[in-house]
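Letters go in sequence order (proteins before strands), and every chain restarts at 1. Keep in mind that what you see is a predicted model, and the values were worked out from it rather than measured.
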2 protein chains.
Amino acid sequence: MSRSSQTQVAVLGGLSVEPMTAYALREAIRDVLGHFWSESFGQIYPTLQALEDAGHVERRGGARARSSVFAITRSGEARLIELLNEPVQESPPRNGLLLRLFFGRVLGRDRCRELLQSARDAASSQLAEYEQLLAGLQAAEGDTPDWPFIRMTVLAGIHHARAAVAWADECLDTLQGEQ
Amino acid sequence: MSRSSQTQVAVLGGLSVEPMTAYALREAIRDVLGHFWSESFGQIYPTLQALEDAGHVERRGGARARSSVFAITRSGEARLIELLNEPVQESPPRNGLLLRLFFGRVLGRDRCRELLQSARDAASSQLAEYEQLLAGLQAAEGDTPDWPFIRMTVLAGIHHARAAVAWADECLDTLQGEQ
DNA sequence: TGCGTCATGTAACCCGTTACATGATTGT
DNA sequence: ACAATCATGTAACGGGTTACATGACGCA
């Protein structure tokens, strides 16, 4: 049951690290989970409201304060565990780059080469970014109990980026011929 | 300009291969582009209607026939090229598996291991599937001008699946310790 | 005095899926 | 005759983004 609110996972998870305002929560999600998750204000505020109504989070600093800090409650922690245990549901695939390449005959070889090259460049610089991030986080969080799990998410980015670079190179090779 | 209708690319692209009914188009998209793209009936029918109104496709077999075949027109081909040349816009990331792993401390080591193992299994069998698909397509389409481009999309799947397996293995290693 | 950032929310909109209603064709 | 599949569409709904409206606080 429970209507898919994966948003609740991000929100409750964020608050499980430390209490914060909705605004700070959004920044945390953007900055920390940004590589594999995103939420907008339009989702966060209503979700927090719903979670408060359900008693899963509590508002500190006055119900009508200009700046209210939210904290996760006991029942919120239980709810988070429940949600984390629900089966992972992935969204239908929609890869604009592959869609374009598939119709490459129509698009033209040159334009395909350009697309591949810029995909390669993007993946390559992202790879460098992730590697730096990993080193930085290792220094900052290396001792916390969260570290092994944080590391996994960055590793996923690294593996993915490496694969993208190798793929683009292989494709560029096959398009190398004249004409 | 032009509101993002990536759906139009899939539809016009499909019809650029050969004329077909809306129903067949949906099957083609599911079976052929399925690894990286998806469209539902609720998208395809209105899109075809809009494209017909714009003169980009034409309906053959009677306007009110029970089974009308759509064909791309000259202006539709131009439109397709135009759309293919628009910048690739990717949707915001939303990876449910990484979201769960990130909060692995809350989820628990055992459950994380399970998630990783089933992700590994899925990727591994997908890899085998892609490799078989590549061989099959090579035999069937190896001589067509579309082949190099079709191949690229399958290669992307292969690289991605291999990376997923390697990543899951690496993560499982770090979680191997007792406790 | 005024700018930038922190902060809270809402409303409009868009994209897309699911479910439903309907009926023709084909094979057994 | 009937079941399965081909075929066409629509309506309801849900999830999510963007843009907008509003205002406090700190600082230069």
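Taking every side-chain heavy atom of B/Pro92 into account, D/dT17 is the closest of D/dT17, D/dA7, C/dA7. You'll find that the side chain of A/Ser40 is closest to D/dT18, out of C/dT17, D/dT18, D/dT8. When each of C/dT18, C/dA7, D/dC6 is scored by its nearest atom to the side-chain atoms of A/Tyr45, the top-ranked nucleotide is C/dA7. Nearest nucleotide to the side chain of A/Ser38, out of D/dT8, D/dT17, C/dT17: D/dT17. Checked against D/dT8, C/dT17, D/dT18, the side chain of B/Ala22 finds its nearest nucleotide in D/dT8. Counting only heavy atoms from C-beta on, B/Thr21 has its side chain closest to D/dT8 among D/dC6, D/dG9, D/dT8. For B/Arg59, taking side-chain heavy atoms from C-beta onward, the closest of the listed nucleotides C/dA7, D/dG9, C/dT17 is D/dG9.
Within a 6.0 Å sphere centred on CG of B/Asp143, other residues, nucleotides and ligands contribute 12 heavy atoms or fewer. More than 12 non-hydrogen atoms from other residues, nucleotides or ligands lie less than 6.0 angstrom from NE2 of A/His159.
Using a 4.0 Å cut-off, some side-chain N or O of A/Ser68 falls inside it from OP1 or OP2 of C/dT8. Proximity of B/Thr7 to the phosphate of C/dG16: a side-chain N or O atom is located under 4.0 Å from OP1 or OP2.
Whole-Å rounding puts the A/Gln49 CD to C/dT8 P distance at 12 Å. One atom, CZ of B/Arg30, and another, P of D/dA7, lie 13 Å apart when rounded to the nearest Å. The separation between A/Glu27 atom CD and C/dT5 atom P is 11 Å, rounded to whole Å. Between the P atom of D/dG14 and the CD atom of A/Gln89 lies a distance of 14 Å, rounded to the nearest Å. Residue A/Gln43 contributes atom CD, which lies 6 Å from atom P of D/dT17 at whole-angstrom precision. Rounded to whole Å, the distance from CD1 on B/Ile44 to C1' on C/dG16 is 12 Å. Taking atom CZ on A/Phe41 and atom P on D/dT22, their separation rounds to 18 Å, with Å as the unit. The interatomic distance linking B/Arg26 (CZ) with D/dA7 (P) rounds to 13 Å, in whole Å.
Counting only distance, with no hydrogens or angles, the side chain of B/Arg151 and the backbone of B/Leu134 share no donor-acceptor pair below 3.5 Å.
The residue A/Thr47 sits apart from the nucleic acid: no heavy atom pair falls under 4.0 Å. Note on A/Arg94: only backbone sugar-phosphate atoms sit closer than 4.0 angstrom, heavy atoms only; bases stay farther off.
Taking CD of B/Glu141 as the reference point, atom CZ of B/Phe149 lies at 13.5 Å (rounded to 0.5 Å). Here the CZ atom belonging to A/Arg94 is positioned 11.0 Å from the CD atom belonging to B/Gln89, to the nearest 0.5 angstrom.
Both A/Gly42 and B/Gly42 sit near DNA chain D, but only B/Gly42 has its closest nucleotide nearer the 5' end.
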